[in-house]
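Note sheet for the following structure.
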Amino acid sequence: MSEDERAERARTREFFAVRAAGWDAKFPDDGPRYAAAIAELAPGEGAFVIDAGCGTGRALPLLRDAVGPRGTVLGVDLTPEMLAVASAHRPVAALVQADCARLPLPDGVADLVFGAGLIAHLHGPAEGLSELARVTAPGGRLALYHPIGRAALAARHGRALTPDDLRAEPNLRPLLAANGWRTVSYTDTDERFLAVAERV
């Protein structure tokens with residue numbers, strides 16, 4: 001890993017570390033939207049699901065409900081402070097501190113990778129998406145999710161959408177295609193962002 005990559009990862013950890021304790025309280029109304037998205041994805045009884053960039057773990061109980069007692073739910077995050085909050089969900093999920101571009105997993109184990117707010121925080125999106133493809137079984141899926149759409153999120157942060165936004169469909173589809181994924185569906189409304197791709 002280069003010095004630039006180390007510095008970028010350190011900045012990400014620092015950003016989330018100071019926000020971890022109050023993160024869920026800042027977005028108290030997102031729960032039902034997460035639940036609706038995961039219900040729609042329906043990973044199925046017994047599936048192996050990775051919550052990539054799981055943060056405080058708000059999706060982990062929902063994913064556990066979706067895969068049942070025979071399934072596997074793994075939360076992965078780069079920031080120890082986020083995982084400390086997520087540890088409240090240890091009864092329903094395993095947790096590991098790792099970079100999503102360097103996962104300590106064998107090839108082809110996951111049926112679904114759920115990435116809420118993930119794409120904007122991947123260090124080298126191509127590398128991250130390729131690694132997520134590596135650990136996903138052929139025909140498995142990647143769900144890039146956010147509880148509000150791109151325009152609403154930009155407005156929340158007081159900025160305008162720009163053509164180079166990675167989540168814009170003309171940018172995201174070829175990026176996914178170049179890194180092992182075929183886009184299955186793309187939704188970007190004020191109520192949510194959800195791009196689903198299949199491992200090819």
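Residue numbers count from 1 along this sequence. Values below: every heavy atom of this structure, side chains too, minus hydrogens, waters and symmetry copies. None of the values given here were measured: they were computed from a predicted structure.
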Single-linkage hydrophobic cluster, 4.5 Å side-chain cutoff, I148 and L41 together | no
Residues two or more places apart in sequence or in another chain: which of them pass salt bridge (charged side-chain N to carboxylate O under 4.0 Å, His left out) with D190?
-> none
Can you list the steps and then say if D30 with R58 is a side-chain contact (heavy atoms from CB on, under 4.5 Å)?
-> CA-CA 9 Å; D30 287 351; R58 70 170 62 205; 3.1 Å; yes
side-chain contact (heavy atoms from CB on, under 4.5 Å) filter on H89, not counting sequence neighbours, yields L60, P61, V92
Atom pair CZ/CE of R19 and M82 - distance to nearest 0.5 Å = 9.0 Å
Pair R199-R141, side-chain contact (heavy atoms from CB on, under 4.5 Å): steps then yes or no | CA-CA 6 Å; R199 177 72 170 96; R141 292 173 297 158; over 6 Å; no
Got a sec, which hydrophobics cluster with L142, joining ILVMFWY side chains under 4.5 Å apart, including via others?
-> F48, I50, L74, V76, V96, L103, L105, V109, V113, L118, I119, L122, L129, L132, V135, L144, L166, L172, L175, L176, W181, Y186, F193
What pair of heavy atoms forms the shortest contact from P104 to A98, and how long is it?
-> CD-CB, 3.8 Å
Under the criterion side chain to side chain contact (heavy atoms under 4.5 Å, CB included), which of D188, L153, L194 is the partner of H146?
-> L153
Side-chain heavy-atom pair P43, V49 within 4.5 angstrom cut-off = yes
Cation-pi between R11 and F15: NZ/CZ under 6.0 Å from ring centre and within 45° of the ring axis?
-> no
What one should report as the nearest heavy-atom pair of A20 and V85 is O-CG2, 3.9 Å
With hydrophobic residues grouped by side-chain heavy-atom distances under 4.5 Å, do V73 and L95 end up in a single group?
-> yes
Provide the closest heavy-atom pair for N179 versus A126 in the form atom of the first, atom of the second, distance.
-> OD1-O, 3.1 Å
Using 4.0 Å as the upper bound for N to carboxylate O, is an ion pair formed by R102 and E131?
-> no
Does a side-chain heavy-atom distance below 4.5 Å link E198 with T183?
-> no
Any side-chain heavy-atom pair of P91 and R64 under 4.5 Å | no
May I ask you to test the C100-D77 pair for a side-chain heavy-atom distance under 4.5 Å?
-> no
Results of side-chain hydrogen bond (donor to acceptor under 3.5 Å, both in side chains) for E40 - residues two or more places apart only | R192
For L62, the side-chain contact (heavy atoms from CB on, under 4.5 Å) test, sequence neighbours excluded, returns Y34, A35, I38
Those residues that, when tested against D107, pass salt bridge (charged side-chain N to carboxylate O under 4.0 Å, His left out) (two or more places apart) = R134
Given side chains that start at C-beta, do those of D51 and L63 come closer than 4.5 Å, heavy atoms only?
-> yes
Check: A84 main-chain N/O paired with S87 side-chain donor or acceptor under 3.5 Å = yes
